[in-house]
Chemist: 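The structure under discussion is supplied below as structure tokens; questions concerning it will follow.
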2 protein chains.
Amino acid sequence: MKQLKLSNQLCFSFYALSRLVTSHYQPLLGPLDLTYPQYLVMLVLWEHDIVSVKTLGQQLMLDSGTLTPLLKRLETKKLIKRVRSKEDERSVNIHLTAAGRQLQQEAADIPEKISCSMGFTEKEYDTLKPMINNILKRHADE
Amino acid sequence: MKQLKLSNQLCFSFYALSRLVTSHYQPLLGPLDLTYPQYLVMLVLWEHDIVSVKTLGQQLMLDSGTLTPLLKRLETKKLIKRVRSKEDERSVNIHLTAAGRQLQQEAADIPEKISCSMGFTEKEYDTLKPMINNILKRHADE
DNA sequence: TGGAATTTAATTGTACACAATCTAATTTTA
DNA sequence: TAAAATTAGATTGTGTACAATTAAATTCCA
């Protein structure tokens with residue numbers, strides 16, 4: 001019986017934690033004129049240089065309704081370029097620009113700073129990482 | 001070195017998990033014409049009947065910029081009533097209406113359903129609940 | 001006591017998030 | 001191969017989130 005409320009409470013904790021995380025990124029990303037979701041897109045591009053909107057959506061678990069306007073904003077800032085694919089005209093490839101690559105340097109210390117800001121303990125890393133990724137993975141289809 | 005990326009990855013997991021949670025509530029709340037944040041407000045009201053916007057904001061960690069329009073939508077649906085306090089005219093008290101209390105019955109099985117939908121294991125409850133609440137608590141000030 | 005500081009909501013503006021729908025391109029298959 | 005089904009993004013509309021500002025009420029305190 002008491003169990004029932006637990007799921008609700010745990011879900012609320014996840015919801016609150018996500019917003020806490022975003023709020024800790026904000027002061028780090030603000031100076032780079034990036035939001036957290038925009039930063040996530042840049043992280044993917046810094047790894048791959050070119051990715052399709054579809055791939056981006058799969059990696060970040062976001063749909064085109066979210067990504068299309070977000071990518072347009074990144075393009076306005078000259079950090080990326082949206083290029084419709086020649087091979088498959090339905091697909092749009094996102095290219096990292098020189099300015100976008102440049103930004104990687106300025107963002108280099110963010111992982112360390114966010115780690116410090118959130119103050120995760122060793123134990124929290126080791127426990128939460130696999131457990132939460134397990135939850136995400138078992139719902140991977142959607 | 002490898003540690004640095006971990007914080008970024010763990011934070012992304014939290015962000016993704018929060019959206020996963022919301023997506024699992026949606027089919028349960030849709031029939032009640034509630035969003036997840038609206039449901040959270042109703043949960044507080046089902047416990048207390050009357051709460052101030054300030055208290056609500058503290059409980060849910062949301063500010064008036066989020067709550068004011070959300071509460072207006074709940075009022076439009078006749079689930080709550082917004083009443084400016086007589087004792088302190090700055091404060092607005094949220095009252096549960098009869099329809100709002102009625103809705104509690106229809107929402108009674110949501111905790112069980114969300115538990116089933118998310119499929120948390122016993123171990124996940126026992127580990128995640130205290131660990132995540134600890135993280136939230138140590139950043140409680142903001 | 002009366003002005004300064006604080007508190008509480010509301011407002012404004014920007015940016016997600018996602019359901020639902022649409023269009024165009026590609027693939028399937030009858 | 002031509003119609004049907006699928007796929008990739010874009011669009012539309014609703015609803016959060018939150019920073020920054022504003023306005024009104026209350027509290028502080030010199």
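Naming convention: chains lettered A, B, ... in sequence-line order (proteins, then strands); numbering from 1 in each chain.
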Chemist: Mark yes or no for whether A:Trp46, through its side chain, and A:Gly100, through its backbone, hold a donor-acceptor pair below 3.5 Å.
Modeler: yes

Chemist: Return yes if some donor-acceptor pair links the side-chain N/O of B:Glu75 with the main-chain N/O of B:Arg82 below 3.5 Å, else return no.
Modeler: yes

Chemist: Is there a donor-acceptor contact under 3.5 Å linking the side chains of A:Asn93 and A:Ser52?
Modeler: no

Chemist: To the nearest angstrom, how far is B:His24 atom NE2 from C:dA17 atom C1'?
Modeler: 16 Å

Chemist: Taking atom C1' of D:dG9 as reference, at what distance in whole Å does atom CG of A:Asp88 sit?
Modeler: 11 Å

Chemist: Take atom CG of A:Leu74 and atom P of C:dA15, then tell me their distance rounded to the nearest Å.
Modeler: 11 Å

Chemist: Give A:Ser52 one of three labels, base, sugar-phosphate or nothing, depending on what nucleic acid heavy atoms sit under 4.0 Å from its own.
Modeler: sugar-phosphate

Chemist: So, taking the atom named CG in A:Asn8 and the one named CD1 in B:Ile114, what distance separates them when rounded to the nearest 0.5 Å?
Modeler: 7.5 Å

Chemist: To the nearest Å, give me how far apart OH (B:Tyr25) and P (C:dA17) are.
Modeler: 19 Å

Chemist: Is a side-chain N or O of A:Gln38 found less than 3.5 angstrom from the main chain of A:Thr35, in a donor-acceptor match?
Modeler: yes

Chemist: Rounded to whole Å, please give me the gap between CG in A:Asp63 and P in C:dA17.
Modeler: 10 Å

Chemist: With no hydrogens and no angle check, do the side chains of B:Ser23 and B:Tyr36 hold a donor and an acceptor under 3.5 Å apart?
Modeler: no

Chemist: Report the distance from atom CZ of A:Arg90 to atom P of D:dA5, rounded to the nearest whole Å.
Modeler: 17 Å

Chemist: Provide, to the nearest angstrom, the distance between the CG atom belonging to A:Leu20 and the C1' atom belonging to D:dC18.
Modeler: 14 Å

Chemist: I need the CG-C1' distance between B:Leu40 and D:dA17, as an integer number of Å.
Modeler: 13 Å

Chemist: Collect all protein-nucleotide pairs involving nucleotides 10-16 of chain D in which both atoms are nitrogen or oxygen and the distance is under 3.5 Å.
Modeler:
residue, atom, partner, partner atom, Å
D:dA10, OP1, A:Arg82, NH2, 2.8
D:dA10, OP2, A:Thr68, OG1, 2.6
D:dA10, N7, A:Ser64, OG, 2.7
D:dT11, OP2, A:Lys72, NZ, 2.6
D:dT16, OP1, B:Thr35, OG1, 2.5
D:dT16, OP2, B:Gln38, NE2, 2.4
D:dT16, OP2, B:Arg73, NH1, 3.0
D:dT16, O5', B:Arg73, NH1, 3.1

Chemist: Which is true for A:Gln58 with a 4.0 Å heavy-atom rule: it touches a base, it touches only sugar-phosphate, or it touches nothing?
Modeler: nothing

Chemist: Looking at B:Arg101 and B:Glu47, is any side-chain nitrogen of the basic one under 4.0 Å from a carboxylate oxygen of the acidic one?
Modeler: no

Chemist: Do the side-chain N or O atoms of B:Ser91 get closer than 4.0 angstrom to the phosphate oxygens (OP1, OP2) of C:dA9?
Modeler: yes

